[in-house]
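Each ligand, and each atom within it, is numbered from 1 in the order the structure gives.
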Amino acid sequence: MEYAISISPQAERTVKDTTSIPFGVQPTEHMFVAEYKDGQWHNSRIVPFTNLSMSPFALCLHYGQTVFEGMKAFLMNDGHINIFRVDKHYERFAKSLERMCIPVVPKGLFTEALHQLVQLDASWVPDAEHGSLYLRPFVIASEERLGVKVADEYLFMIVCTPAYQYYAQPLKVRVEETYSRAADGGTGFAKCGGNYGGAFYPTKLAREAGYDQVIWTDSNTHEMIEESGTMNLMFVIDDTLITPPLSGTILDGVTRDSLLTLAKELGIPTDVRPVSYKEIQEALEAGKRVEAFGAGTAAVIAPIEIIAIQGKDYNCYIAEDATMYKLQRALYDIRKGIAPDNHNWNYII
Ligand code: COI
């Protein structure tokens, strides 16, 4: 099925130097918008980036019926632009929408909207080693109603921002044993706004204590490692890449999935299994070389320098020969078109 998207470009085009602007501050010149009403998506359009006008009664403002994705487009060495893993992001978007009772955006519309928007704002894709165009598809409940209900009207939008390194420095993180991000049966696996808002308070406490992020643990025992603030978590111990399995409380990270695939291809043993913070603590106490890092679309690979466990700081291995950098390089080479894209991850514009 083809999706007709009307395009109204800015009369005058400008591209700013965005290299020193923090993540998520500078929009590109255009955005995509479609409205859901009477059981269908209507009026798909790309227009100059502008503010929204909506009723203070809009349901999303009160009951959190919102879902988003985080994706990236890259400038390849041959001058083409690709959007990374459109299919995998769409799969997760659809699952999140279902969990939040939001009508699933058709895959054709999702893909065509991304394609047209990135094509129009192609000059905003940074030509820098750690640069990319961050793409933020999202759906919000727009129906005007204060009564608590599943909305009948929605907006599907995509906005973009040039992105560089999300975390400029190796991270200091603290294992969280009091608060929970998600519980069994909840929305932890979905990329819904509330999961992030609910994480702010414990993260604020960790920041006040000198850490950048928390490591979330399971809500029953607070012993099993789940994920970190904006990323999945991975460890390398005894040369094996270890990460917790997906569950109802962990986001199905696209970078996580990509790194597991690449590790296997690079001959790095992988072990996807429950990991307790005690196991990490024991390995560190035993003087083993432990790598710890976050994996996410915005963060890519975020090395963890210090993990605080039960009030004690432990140093992780972040030297140049660390396995995480080999994985980072392998991912980079595919996205830039330096290495073959054996899995068809790059959607070339
Ligand atoms: C992403 O990595 O794309 C995220 O959504 C994390 C954060 C920027 C919210």
For A298, the atoms of ligand 1 under 4.0 Å from one of its heavy atoms are 1 (C), 2 (O), 3 (O), 8 (C)

| query | Do we see a donor-acceptor contact under 3.5 Å between the side chains of D238 and T240? | reply | no

Within-shell test, E69 vs ligand 1, heavy atom, strictly < 4.0 Å:
no

Do the side-chain N and O atoms of E285 and Y314 include a donor-acceptor pair separated by under 3.5 angstrom? yes

Tell me, please: is K191 in heavy-atom contact with ligand 1, that is, under 4.0 Å? yes

Hits for side chain to side chain contact (heavy atoms under 4.5 Å, CB included) against I21, two or more places apart or cross-chain, chain-then-number order -> T18, V25, Q26

For Y196, the ligand 1 atoms with a heavy-atom partner under 4.0 Å come out as 9 (C)

Atom 1 (C) of ligand 1: closest protein heavy atom, distance to 0.1 Å, is Y134 OH, 3.4 Å

So OG1 of T243 and CG of D271: to nearest 0.5 Å the spacing works out to 10.0 Å

Within 4.0 Å of some non-hydrogen atom of F68, the atoms of ligand 1 are 5 (O)

Under 4.0 Å between heavy atoms, the region of K72 that gets near ligand 1 turns out to be neither

#### Entry: Aromatic plane relationship, F110 with F156 - under 30° parallel, 30 to 60° tilted, over 60° perpendicular
parallel

H115/Y347 aromatic ring centres below 6.0 Å:
yes

